[in-house]
There are 2 protein chains.
Amino acid sequence: MRLLIADDHGLVRDALSSHIERQAPGAVVVGAASVDEAVVALRQDKAIDLLILDLRMPGMNGLDGLQRVRTEFPLLKVALMSGLARPDEIRGAFTRGAVGFLPKTLSATELLSAIQTMLAGERFIPADVNTADTADGASFTRREREVLDYLLQGRSNKEIARSLELEEVTVKLHVRGICRKLGAKNRTQAVMRAVEMGIAS
Amino acid sequence: MRLLIADDHGLVRDALSSHIERQAPGAVVVGAASVDEAVVALRQDKAIDLLILDLRMPGMNGLDGLQRVRTEFPLLKVALMSGLARPDEIRGAFTRGAVGFLPKTLSATELLSAIQTMLAGERFIPADVNTADTADGASFTRREREVLDYLLQGRSNKEIARSLELEEVTVKLHVRGICRKLGAKNRTQAVMRAVEMGIAS
DNA sequence: GGTTGCTCTATCCAAAAGGATAGACCAATA
DNA sequence: TATTGGTCTATCCTTTTGGATAGAGCAACC
């Protein structure tokens, strides 16, 4: 079993590899501090079974880093790891071919069994991550959903109106509807609620 | 040697303790997921030699958590640990009596020697902490960081002013500073940038 | 037919946010 | 000593946002 852990925190990297190598005899863990380093390591070492990619690190740029790795090494198993991830990121990781998502709240023993699961060819999705769409909570109308997309980019009512070919008043109407449904006092709070609830697409 | 590691990421906690216990025979490492849990553990276990506190975790609230621990356990050695190391926070940690600052970019062996150093009664200050000012993207001042925390809750300038006992104008000043540093046009865009960059914790 | 929900627009108004400029204090530093 | 950076405040001003109220078109449904 050969693992490559890509995380810009040397401490996390070393501690993880040390732990895994102790708990799983025969395991070899290699480290990388960026996506670039990971790619170099993968080119040199064709025997790597699983790559664990930190979501927030140099070269990741959202899920671009995952995309890059998947494009160059389409057969490689890749798992994402993150302390704080938005549900849309988790969904995006799986649609881009990741075999697992590892929140850092996982215990070390859970991590080991997750690695076993993924090496066995299964996907690992922890129970507490919310990958669900908007089934729960607020239900938006078509327009509200569109406006919310722009809100999540921090656009002003005027900009949204121009983009959707509406009057500014109408945009305000939908913004108010969104805030009401999310229990938010203003657009900024609405955006944060949306992120927390994983509505952010 | 008894260590208490307070970090809300179970993975980091377990991996670190596993590593330390292997490298330093006789060491006992206890974990806590929040400042509250750490305080409870410290009350029960009077033999703890060193507390390692993650800077970004529930109950920390800047350096308040450190202050709390120092007030209740003035003789305890406390080291801070953090992924992003900003000079003002590091200085603040030392003025509040911390015996060391551990950036997560440290290697695991460096960590072990840092622990030895601190247990021997010396302070541990990594070499690169003063130069690593604007390493990755935005570096906020103390006030900006406080204001950003409220921005991330969708609070208005007036509310923030009341909470921080400032005038509204001053809050606006800091909000503008935050937006400038994040390249955001307004507060909503600023919070989204912060979320995307993983500054929101 | 009538009702309901989504849509769009309009006209008000008040509050909040954003921006510019300027003065002042203090601590650290060159 | 002079300077710089962070902090706080003030006075202007414009733009944006939020909120209320009201009217109208349209499609789905009972």
Side-chain angles (χ1 to χ4, degrees), chain A residues 134 137-194 199, chain B residues 62-63 84-96 125 129-135 138-194:
Chain A
T134 342
S139 83
F140 295 107
T141 66
R142 191 188 104 256
R143 274 307 203 196
E144 283 170 347
R145 196 170 278 276
E146 287 174 347
V147 171
L148 179 56
D149 282 343
Y150 287 97
L151 275 192
L152 288 165
Q153 296 168 32
R155 317 289 289 276
S156 73
N157 292 338
K158 192 175 292 188
E159 290 173 319
I160 300 173
R162 201 159 358 103
S163 297
L164 293 178
E165 294 184 314
L166 293 175
E167 289 305 310
E168 204 179 321
V169 222
T170 312
V171 176
K172 285 177 165 190
L173 178 80
H174 295 308
V175 170
R176 251 179 299 153
I178 292 167
C179 286
R180 187 172 36 78
K181 290 181 179 175
L182 288 175
K185 263 191 56 192
N186 53 50
R187 63 211 287 120
T188 306
Q189 214 167 77
V191 161
M192 283 309 287
R193 284 263 207 289
I199 302 169
Chain B
L63 290 166
L84 25 98
R86 284 203 315 285
D88 60 308
E89 285 173 323
I90 298 173
R91 275 196 294 275
F94 284 112
T95 59
R96 282 171 181 76
I125 307 167
V129 293
N130 287 329
T131 56
D133 199 344
T134 327
S139 86
F140 295 107
T141 66
R142 191 188 104 255
R143 274 306 203 200
E144 285 171 346
R145 167 46 75 170
E146 287 174 346
V147 171
L148 178 57
D149 283 342
Y150 287 99
L151 276 192
L152 287 165
Q153 297 166 33
R155 317 288 291 277
S156 71
N157 292 338
K158 192 175 292 187
E159 290 172 320
I160 300 173
R162 204 162 350 106
S163 298
L164 294 178
E165 293 184 315
L166 293 175
E167 290 305 310
E168 202 179 323
V169 225
T170 311
V171 176
K172 284 179 168 188
L173 179 79
H174 295 307
V175 170
R176 250 179 300 151
I178 291 167
C179 286
R180 188 172 35 78
K181 289 180 179 176
L182 288 175
K185 262 191 56 188
N186 53 50
R187 62 212 288 118
T188 306
Q189 214 166 78
V191 304
M192 281 309 287
R193 285 266 205 289

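Rounded to an integer number of Å, the gap from CZ of Arg176(A) to C1' of dC13(C) is 12 Å. One atom, CD1 of Ile178(B), and another, C1' of dG19(C), lie 16 Å apart when rounded to the nearest Å. The CD atom of Glu159(B) sits 11 Å away from the C1' atom of dA16(C) (whole-angstrom rounding). With rounding to whole Å, Gln189(A) atom CD is found 16 Å from dA17(C) atom C1'. Distance, Glu168(B) CD to dA16(C) C1': 7 Å, rounded to whole Å. Per the geometry, CG belonging to Asn157(A) stands 13 Å off C1' belonging to dA17(C), to the nearest Å. One interatomic measurement links the two molecules: NZ of Lys185(A) to P of dA15(C), which rounds to 13 Å at whole-angstrom precision.
A donor-acceptor contact shorter than 3.5 Å is absent between the side chain of Gln153(B) and the backbone of Gln189(A). Although no hydrogens or angles enter the test, the distance criterion places no donor-acceptor pair under 3.5 Å between the side chain of Glu144(A) and the main chain of Val175(A).
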Polar-atom pairs under 3.5 Å, protein N or O versus N or O of nucleotides 5-8 of chain C: list them with distances, or write none.
| residue | atom | partner | partner atom | Å |
| --- | --- | --- | --- | --- |
| dT7(C) | OP1 | Arg143(A) | N | 3.1 |
| dT7(C) | OP2 | Thr141(A) | OG1 | 2.6 |
| dC8(C) | OP1 | Arg143(A) | NE | 2.6 |
| dC8(C) | OP1 | Arg143(A) | NH2 | 2.4 |
| dC8(C) | OP2 | Arg143(A) | NE | 3.2 |
| dC8(C) | OP2 | His174(A) | NE2 | 2.9 |

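Counting heavy atoms from C-beta outward, Arg193(A) and Ile178(A) have side chains that stay 4.5 Å or more apart. Within the 4.5 Å cutoff, the side chain of Leu148(A) has heavy atoms near those of the Leu152(A) side chain. By the 4.5 Å heavy-atom criterion applied to side chains, Val171(B) and Leu164(B) are not counted as neighbours. Residues Leu151(B) and Ile160(B) meet the side-chain proximity criterion, which asks for heavy atoms closer than 4.5 Å.
Along DNA chain D, the stretch of nucleotides lying under 4.0 Å from any heavy atom of chain B spans, 5' to 3', dG6(D) to dT11(D).
For the pair Glu146(A) and Arg143(A), the salt-bridge criterion is met [side-chain N within less than 4.0 Å of a carboxylate O].
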- Check the pair Lys181(A), Thr141(A) against side-chain contact (heavy atoms from CB on, under 4.5 Å), reporting the backbone distance first and the verdict last. CA-CA 11 Å; Lys181(A) 290 181 179 175; Thr141(A) 66; 4.0 Å; yes

